[in-house]
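Structure first, then comments.
The sequence lines fix the lettering, A, B, ..., with proteins before strands; numbering per chain opens at 1. Given the structure is predicted, the values throughout are model-derived calculations rather than measurements.
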Amino acid sequence: MSESKDESAAPNFVRDIIADDLRSGKHPQIVTRFPPEPNGYLHIGHAKAICVDFGLAKEFGGRCTLRFDDTNPVKEETEFVESIKEDIAWLGFEWSDIRFTSDYFDQLYAWAEDLIRAGKAYVDSQSAEQMKEGRGDFGTPGTNSPYRDRSVEENLDLFRRMKAGEFAEGAHVLRAKIDMASPNMNMRDPALYRILHAHHHRTGDAWHIYPTYDYAHGQSDAIEHVTHSLCTLEFEAHRPLYEWFIDNLDVPSKPRQIEFARLNFTYMVMSKRKLRQLVEEDHVLGWDDPRMPTLSGMRRRGFSPAAIVNLCERVGVSKRNSQVDVSLLEHAVRDDLNQHSPRHMGVMRPLEVVLENFPDDHTEWFEAPQFPGREDGGGTRRIPLTKVVYVEHDDFMEEPVKKWRRLAPGVEVRLRYAALVTCKEVVKNDVGDVVRLVCTWDPEAKGGNPADGRKVKGTIHWVSAEHGVPATVRNYDRLFSVENPGAGETNFLDQLNPDSLEVLEGARVEPDLAQAEPGTRIQFERLGYYCVDPDSSPDALVINRTITLRDSWAKKS
RNA sequence: AGGGGCGUCGACAAGUGGCUUAAGUCACCAGGUUUUGAUCCUGGCAUUCGUAGGUUCGAAUCCUACCGCCCCUGCCA
């Protein structure tokens, strides 16, 4: 059991730390937490954090709590709480508890008074601008606030009145009394509480002061007995402060903060600001637009949770700022979909083919495996062949290039699983477009196996004109056309890929797809992986292309 | 400028003084199988670990200096 786990789990420094702590007996069991701020949708970057936080807890038999970091009522909404829960569950993880930092507001407040009584916090009445000036610079130490030496009594009185709502926003702020000359800016008397007369999504109007992230996070971890508080690199400089609170307060446990690099991909933007801009300025159709790197977008696109979890394991955990090649994501998606998506045929741009020697009004049925690669075929589906079929327009070339293995005048190809046909005639319209092919079929080669054993190189997909079901297919491609959207002086919006969405209204697909439920993931053979969109209905199929199959032929040409 | 991090193949990433004349994955290249030009299989792909010195019988791993990149001056998280 543990051996197979070791094989799949690549070593990383966080795993090492946890394993050491467990081995040494520092902790009998580990506790982690995933602490999203409920102010937006989760994206693929969060998926990595989820895999690390929940995944490591699961792997080592510990627990992970889901804690909404709701210390800023002006930015947070309940709507996001639900979508975050849905996304985590979709990825397959279970939280041991759901908590909110706001659950701890009373305790946090009590600790703040403790700090004041210990002479380690004070109410500053400077303006934000004055505080900024007093903070100094990277090179120069800050200066103490003129309010820094207020008495404990005065501080307590002021702080309580802040809490009671007696002051305007910005009038006062509670600060830790640490060191205005610290080379670490975070230690120059950081703010603990600010006055905010805002309605909180959970505590309503009960509070007029709210704790800052720095003041709330570590203590919340301590309350939950978190052993390993895993976060991203930008919090590294906050760790001394995190520890200062833990050391100066009577907290129930001593969590350890460990930072690791966030996940970035080529051809993507991940910042909340940019994602919001894409949605609000209508560059995409919403937060769950299949081109978005949000988990809801990827879900709608057809990415499977297993693919995303596998990807995170492949990417690993380190402290290096890095940007992962999207091809790694694409590989993870194809790898999982290849194993789990039943095969079907669908013609994106239909070209009519008439089998002239095929009996009129006749339907020939064939059985085709759902998973041709598997030994047992993974089950079968039935597909009808009729006199008129559609093939992919791209699969015909009047003047074939060298090494062409598809339809062309005089050439014989296989209609996958069904027949061998030879192109006899090309019919064009007034402007010279090919509108129809007249072919013959070999009645002796049912299923596509020639009686004489002759080699037929090309196999193409097709759909019966009579039985095929019309569908709208939405082909998605990467949202940006450059590896680093917005790098340097450029505006990322100028680098949107104009072809990120292509809508095909006239596709025809196998009849057994007519009743497919939204969310159904399939492969259209020779094309790619697809997923039935939520917009789909039995009389108006809408299918999203998740990702194409690899195509070494297209690459060559 | 001060502080905190990080630099191993095109992209991720193992490795923490000898079993490494540096794992694995993606990408890429070359073959094979194939009723998906898919999958699958095989082979190739860093004499070198940011650079320069040093310690050592022996260094990607230790020391020194230098170079580069990222983060930090919100009453955001």
Side-chain angles (χ1 to χ4, degrees), chain A residues 10-12 35-37 39 69 71-72 74-76 124 126-128 131-133 135-142 169-175 182-188 190-196 209-210 212-214 216-217 231-240 259 261 263 265-266 272 311 313-332 334-335 338-339 343 345 368 371-373 403-406 413-418 420 447-449 456-461 483 523-528 548-557:
Chain A
N12 67 55
E37 182 187 13
N39 73 340
D69 213 342
T71 57
N72 189 348
V74 317
K75 292 170 60 183
E76 295 144 6
D124 196 346
Q126 297 183 102
S127 66
M131 274 182 61
K132 182 179 169 64
E133 279 173 39
R135 194 151 26 230
D137 213 322
F138 288 138
T140 53
E169 291 187 6
H172 307 282
V173 40
L174 184 73
R175 289 229 257 174
S182 171
N184 181 342
M185 301 300 286
N186 296 121
M187 300 299 269
R188 321 249 262 225
L192 272 40
Y193 272 91
R194 72 282 211 189
I195 298 169
L196 251 28
I209 56 173
Y210 291 91
T212 58
Y213 162 85
D214 280 316
H217 203 88
C231 63
T232 46
L233 252 27
E234 68 269 26
F235 292 104
E236 226 154 8
H238 292 245
R239 194 181 342 122
E259 313 83 14
L263 179 58
F265 281 104
T266 53
K272 260 174 197 169
L311 168 82
E313 189 55 43
R314 283 170 196 267
V315 164
V317 180
S318 78
K319 292 179 77 95
R320 269 185 251 179
N321 278 114
S322 61
Q323 187 179 39
V324 178
D325 199 319
V326 258
S327 64
L328 192 59
L329 203 211
E330 294 172 346
H331 176 266
R334 290 192 180 105
D335 190 35
N338 176 46
Q339 298 172 58
R343 266 97 275 211
M345 289 195 286
F371 293 92
K403 294 201 172 176
W404 181 254
R405 306 215 303 236
R406 312 175 190 180
V413 299
R414 175 162 31 237
L415 297 186
R416 189 155 166 83
Y417 303 125
L420 257 28
N449 300 304
V456 176
K457 277 184 306 186
T459 298
I460 64 176
H461 58 274
E483 281 200 0
Q523 181 198 95
F524 278 137
E525 296 199 70
R526 303 210 312 130
L527 295 176
T548 62
L549 251 31
R550 287 185 65 208
D551 189 348
S552 57
W553 169 252
K555 196 180 295 177
K556 259 178 235 168
S557 338

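- Using atom C1' as the reference point in both B:G50 and B:C6, the two lie 11 Å apart (nearest Å).
- Using a 4.0 Å heavy-atom criterion, one finds that A:Lys555 contacts the sugar-phosphate atoms exclusively.
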Report, one pair per line, the protein and nucleotides 72-75 of chain B atoms (nitrogen or oxygen only) whose separation is under 3.5 Å.
from, atom 1, to, atom 2, distance (Å)
B:U73, O2', A:Arg135, NE, 2.9
B:U73, O2, A:Gly136, O, 3.4
B:G74, OP1, A:Lys132, NZ, 3.1
B:G74, OP2, A:Arg135, NH2, 2.9
B:C75, OP1, A:Arg135, NH2, 3.2
B:C75, N4, A:Gln126, O, 3.2
B:C75, N4, A:Ala128, N, 3.2
B:C75, N4, A:Gly170, O, 3.1

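- A 3.5 Å limit on both hydrogen-bonding distances identifies B:G24 as the Watson-Crick or G-U partner of B:C12.
- Going from the C1' atom of B:U34 to that of B:C40 covers 9 Å, rounded to whole Å.
- Nucleotides B:A11 and B:G37 are separated by 26 Å at their C1' atoms, to the nearest Å.
- When the C1' atom is compared between B:C45 and B:G53, the two are found 32 Å apart, to the nearest whole Å.
- B:A23 sits 13 Å from B:A60 when the P atoms are compared, rounded to a whole Å.
- B:G18 and B:U56 have their C1' atoms separated by 12 Å, with the value rounded to a whole Å.
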Under 3.5 Å, which protein N or O atoms sit close to an N or O of nucleotides 39-42 of chain B? Give each pair with its distance.
from, atom 1, to, atom 2, distance (Å)
B:U39, OP1, A:Arg550, NH1, 3.2
B:U39, O2', A:Asn338, ND2, 3.0

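- Across all strands shown, B:U56 remains unpaired; no Watson-Crick or G-U wobble contact has both distances below 3.5 Å.
- Across all strands shown, A:Arg175 has no heavy atoms under 4.0 Å from either base or sugar-phosphate atoms.
- Across all strands shown, nothing is found opposite B:U73 as a Watson-Crick or G-U wobble partner with both distances under 3.5 Å.
- In the model, A:Asp325 has a side-chain atom that pairs as donor or acceptor with a side-chain atom of A:Ser327 under 3.5 Å.
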What do the steps show when you test A:Arg334 against A:Thr548 for side-chain contact (heavy atoms from CB on, under 4.5 Å), and what is the final call? CA-CA 9 Å; A:Arg334 290 192 180 105; A:Thr548 62; 3.6 Å; yes
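- Residue A:Ser182 is out of contact with every strand shown, counting any heavy-atom pair closer than 4.0 Å.
- Nucleic acid contact class of A:Arg314 (heavy atoms, under 4.0 Å, all strands): sugar-phosphate only.
- B:A52 and B:G7 have their C1' atoms separated by 16 Å, with the value rounded to a whole Å.
- The pairing partner recorded for B:A65 is B:U51, the criterion being a Watson-Crick or G-U wobble arrangement whose two distances lie under 3.5 angstrom.
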What's touching nucleotides 14-19 of chain B from the protein side, N or O pairs under 3.5 Å?
from, atom 1, to, atom 2, distance (Å)
B:A14, OP1, A:Val317, O, 3.4

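- If you check B:G43 for Watson-Crick or wobble pairing at under 3.5 angstrom, you find it paired to B:C29.
- Annotation for A:Lys457: atom NZ does not count as buried by contact number, only 12 or fewer foreign heavy atoms lying within 6.0 Å.
- Residue-level contact check: A:Leu328 touches the backbone only, with heavy atoms under 4.0 Å from sugar-phosphate atoms and none from bases.
- A donor-acceptor contact shorter than 3.5 Å links the side chain of A:Arg414 to the backbone of A:Val456.
- Comparing the P positions of B:G10 and B:G5 gives an interatomic distance of 28 Å, to the nearest angstrom.
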